[in-house]
Each structure stands twice: as C-alpha cells, then as structure tokens.
Number of protein chains: 2
Amino acid sequence: MEYSVHVRMNERLFLRDPEGSDLGRRIVRQGILLFDEIGFEDATFRKLADRMGTKEASIYRYFENKHRLLVYLVAWYWQWLDFQLVFRTNNLADPHEKLERLLHLLLLTDLENPLTDDIDLRALHNIVICEASKAYLTRHVTEDNRQQLFKPYKDLVGRIAGIILELRPGYPYARSRASSLIETIHHQAFFMENLPSLTDFGQPKDQSKLLAFVRHLLFSSLAMPILD
Amino acid sequence: MEYSVHVRMNERLFLRDPEGSDLGRRIVRQGILLFDEIGFEDATFRKLADRMGTKEASIYRYFENKHRLLVYLVAWYWQWLDFQLVFRTNNLADPHEKLERLLHLLLLTDLENPLTDDIDLRALHNIVICEASKAYLTRHVTEDNRQQLFKPYKDLVGRIAGIILELRPGYPYARSRASSLIETIHHQAFFMENLPSLTDFGQPKDQSKLLAFVRHLLFSSLAMPILD
DNA sequence: CAAGATAGATAGTAATACTATCAAAATAGA
DNA sequence: TCTATTTTGATAGTATTACTATCTATCTTG
C-alpha cells in the first residue's frame, strides 16, 4: 500500500512552489542527490542546473538561493517525520512505546520504502545529519524564524514533548529534552561515521549500539526525579 | 594572579605560527572579534585585513583560508578549556564535583577574567556555540581529522570520559556521553538565544535553568543502570 | 652593516552568486 | 483551435569572493 503524504509547505520557503511543476519537483529531488553527493558547501545552482539539463536562472525562479533550498529540504524532512510519527504511534497507548518508535524513525531503521514521492529518503536523511544545522546556524536565524521557516522542526519538537509529558507529567524540560534528543542522535551518527573516537561505537556503523545509547540517555532522564 | 596558558598548537593548523609575530597575534584576536560580530559566513579575509589595517595577502601567509582560521580558533578554545578543566579539578577527589565544575566551565559562568592573553573569551565562546560545528561539518572532515586538527576536541572528550569512568566505572558510553554533553550544552544555549521555543528556558538568558537541565541529563544517565 | 625574513602594495584570475533580458515553448482559457 | 499567459531556455553581465603572484619597503638578527 502506498501513501502519498503530500505535505503543504510554508509559502515563504520558496519563490514558486516546486511541487507545482515538473521542473520544480526535479530541482528538489536532484537537489537532494547533489547535496548528498558533494555536500552543501560545494554545491551550486550551476552544478545543479547542469546535472538537470536546465539553466541556473530557472532554479533561481524557484528558490532565492542555495540556503533557502536547504531550509526547504530540511523543513520537508521534519514534516515527513512528524507525519510518520503520528501515523506510526496512532494506535499506541503506551508513551514509552511511542518514544521507542520515534527512536527508530530518527535513525531511519525499518524504512520499508526508500523513495517517497520519488524523494530519496536516505539521501535526505544524510543531508539532515550533515547539513541541517547550517539551516539555522546563520546570522539571519531570527529573520528566518520570524518567517516561520523552522516551524516544522518546532512542531515536531512540540509533538515529541507531548509524548514525553504523557510518560512523565510535569517534566519541566520536555521541549529541551526533545530537541536535544534529535540533535544528539544526529551528532552521534555523524561522529560514528567521521570522528569515531568521539563515540563508543565501532566504525562498521554500529547503529544498534547508537540506538542503545540514546535509548539509555532518554529513558534515564525521564525516570529520574528532578531535584532542585 | 595571572596564568599565561600558552598553548602550543598543532603546526598543521596554520601556514606560519600566528603566535610568533605581532601581526599573527592580531589576526587571531581580531579574527575572533570579526567572526563574533558578523558571523563566519559573512566574514572574509579582506574585511579582517581592512579592520586590522593590513592586507588580505598578509593574512593568507598565516592561514590557508577562512575555514582553517576557524578550525584554529576552535582548537585553541578546546585546548584552553582542557587546561582549565585540569587546573580547576586538580585538587578534587570527587568525580561528581569535577563534573559539576566542568558544567560551569562549558557555560563560561564564573569566568573571572574575560581576556586571556588578550583573547576575548566571551567572543570565542560565542563562536564555539554558533560556528564550531562548521569546523567539522565539511566534506574534508576525514582529511582534516587525519591531520589531527580535531585532536584538542578529542583530548577534551577523552578527559571528560575519564572523569565519567571515575564516577561510574564500566560505563559503556563514556566518550559518547562526553561529546553529547558538550554538543547539547551548545545547542541548547543557541536555541535559548535564537529559537527559544525549542527549549524550556525563557528568553532573558536563563543560564541557571539550562545548567539545571544539563546537570539533570548528565547525572541521570550516570545514575541509571544499563539494561541490555 | 649586510643578509634574510616579514609585511605592504598592487594586480590579476577563476569561480560564485546572483540579475536582466528576450525569445521559444508549453499551457490554459475562450 | 486560436490566443493570451505563463514557464523555460539561452545568453549576457555584474559584484564579490577566494585566492595567487610579484615586487618593493621595512624590520630583524647576526
């Protein structure tokens, strides 16, 4: 069975809706592959245009610049993840179990279909790990934030915080716990791959040990009483 | 009492040792101020030269490029912090107390002297929060790592892991715990300032609540038995 | 004081990050 | 189906960036 998620994106993320034309859809899909292959810094709209057989100027009609394309891709990912989280925890009563599902989602284990709507989710996941923080680590965060560009991330964090509060009513750090969970998983995944001595995980991608670590981190903090 | 730390830096971090000349020292010190003021992306060697009353070409004699300067500054910071950690936990027996000191160091609370060797530590701390991850989030991490450019960070993580193991012998995630502690503090500090809805801390820089959060996170994970 | 190293000054190049314009092609509406 | 409108292609051009090269002046050091 196939589900077409069809996320409606914030209009400020683009100049012209890329999902509204064939060229636009190709910019997004090929953009993901380009960022994944050569990295955000080395990518240019010229290279993307060349690989697509189109022109730089055409891409600029959809996205103001490369950074906005990154913000779009990352926002798309968070919306997708949020939908998946709702969908996959829909039938569950136990918040503990919900968080367990979340961990698997964040690590993109048990992904049955690597292509959603022709978007390469593994490539996008890599981009999120390696480049997502560059979406907000800029001088214009405040302005971008005012334009709601990070709303999908905030919504996801809010949703996770909600589950945390189901498990542990009154927990005073639900949002920080949620955002730090996400960032920690991505950092550790990056370190495991590139700077393994900053972790305790072997180089042959010890996904299960990483999972055990974040599970331990998350549930220990939620089990412990808060002392003031 | 004044301590001149005088860290000896890895020679691959620069083309010519910036601590070996007046111009070099000014590049480092003014570079910190420039990065802090306008951010890494907007900074250029031309702007740095202009602000210093020197020429672009002179700066290129010290650092291959802007990225290398960032890596240098961040490496300097980690070496400084590692020294501070050793110095300030020197006389302590209790590893719990050592970690408590570490948390204060990482947040740069109780900093008696904001200038060390004419280096603006607050500005450098801000750079570490906002830009440090760009030092390793590149395509050439592996090559940079081979050249030992991240050794100061690894050494610090190793030292913290050591303290963790004093407190909790046999803890299987000492390095990951250490690196995720550092990254979490910086992320939450950035979010608190720029995207506060990702945290539980108020906008008037609720440093003490952030401290309470990371303390809770750290010690809950170290108190909890590991279940496999 | 001479030799060598360092810094200043100027120039130049390739690539990047756009913007502008106009014609061709696709499409949508009547 | 013809026409009006939108979308894309193609070309060109600009300002800035990220360097490299070279030559002269200055400053050290032996």
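For the numbers below, each heavy atom of this structure counts, side chains included, while hydrogens, waters and symmetry mates do not.
OP1 or OP2 of dT8(D) sits under 4.0 Å from a side-chain N or O of Ser21(A). Remark: Ser58(A) is not in phosphate contact with dT8(D), judged by side-chain N or O atoms under 4.0 Å from OP1 or OP2.
Nucleotide dG13(D) holds its P atom 15 Å from the NZ atom of Lys55(A), rounded to whole Å. Distance Leu48(A) CG to dT8(D) P: 14 Å, rounded to the nearest Å. When the P atom of dT6(C) is taken as reference, atom CD1 of Ile59(B) falls 17 Å away, rounded to whole Å. The CE atom of Met52(B) sits 16 Å away from the C1' atom of dA9(C) (whole-angstrom rounding). Straight-line distance from the CG atom of Asp22(A) to the P atom of dT8(D): 9 Å, rounded to whole Å. The CG-P distance, from Leu15(B) to dC19(D), rounds to 11 Å in whole Å. Rounded to whole Å, atom C1' of dA7(C) lies 17 Å from atom CG of Asp17(B). Atom C1' of nucleotide dT17(D) and atom CG of Leu69(B) are separated by 16 Å, given to the nearest angstrom.
Annotation: salt bridge (charged side-chain N to carboxylate O under 4.0 Å, His left out) contacts of Asp120(B) (sequence neighbours excluded): none. Considering only residues two or more places apart in sequence or on other chains, Arg122(A) meets the salt bridge (charged side-chain N to carboxylate O under 4.0 Å, His left out) condition with none of them. In terms of the salt bridge (charged side-chain N to carboxylate O under 4.0 Å, His left out) criterion, Arg12(A) has no residue partners (sequence neighbours excluded). With sequence neighbours excluded, the residues satisfying salt bridge (charged side-chain N to carboxylate O under 4.0 Å, His left out) with Arg215(B) are Glu100(B). Scored by the side chain to side chain contact (heavy atoms under 4.5 Å, CB included) test, Ala174(B) finds Ala161(B), Ile164(B), Leu165(B), Tyr171(B) as partners (sequence neighbours excluded).
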Identify all pairs in which a protein N or O lies below 3.5 Å from an N or O of nucleotides 14-20 of chain C, and state each distance.
unit_1	atom_1	unit_2	atom_2	d
dC18(C)	O5'	Tyr60(A)	OH	3.1
dC18(C)	N4	Glu56(A)	OE1	3.2

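Within the structure, the side chain to side chain donor-acceptor pair (under 3.5 Å) test picks out the following pairs touching residues 188-197 of chain A (sequence neighbours left out): Gln188(A)-Ser176(B), Gln188(A)-Ser179(B). Pairs passing the salt bridge (Lys or Arg N to Asp or Glu O under 4.0 Å) check and including a residue from residues 144-153 of chain A, sequence neighbours excluded, read Arg68(A)-Asp144(A), Glu143(A)-Arg146(A), Lys151(A)-Asp155(A).
Picking from dT8(D), dT11(D), dT6(C) the nucleotide with the shortest atom distance to the side chain of Tyr62(A) gives dT8(D).
A parallel orientation is assigned to the rings of Trp76(A) and Trp80(A), their planes being inclined by less than 30° (bins at 30° and 60°).
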List the steps and the verdict of salt bridge (charged side-chain N to carboxylate O under 4.0 Å, His left out) for Arg51(A) and Glu37(A).
CA-CA 12 Å; Arg51(A) 133 193 300 253; Glu37(A) 282 169 26; 2.5 Å; yes
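Taking the screw axis at each terminus of the helix from dC1(C)-dG30(D) to dA30(C)-dT1(D) from five consecutive base pairs, the angle between the two is 30° to within rounding of 10 degrees.
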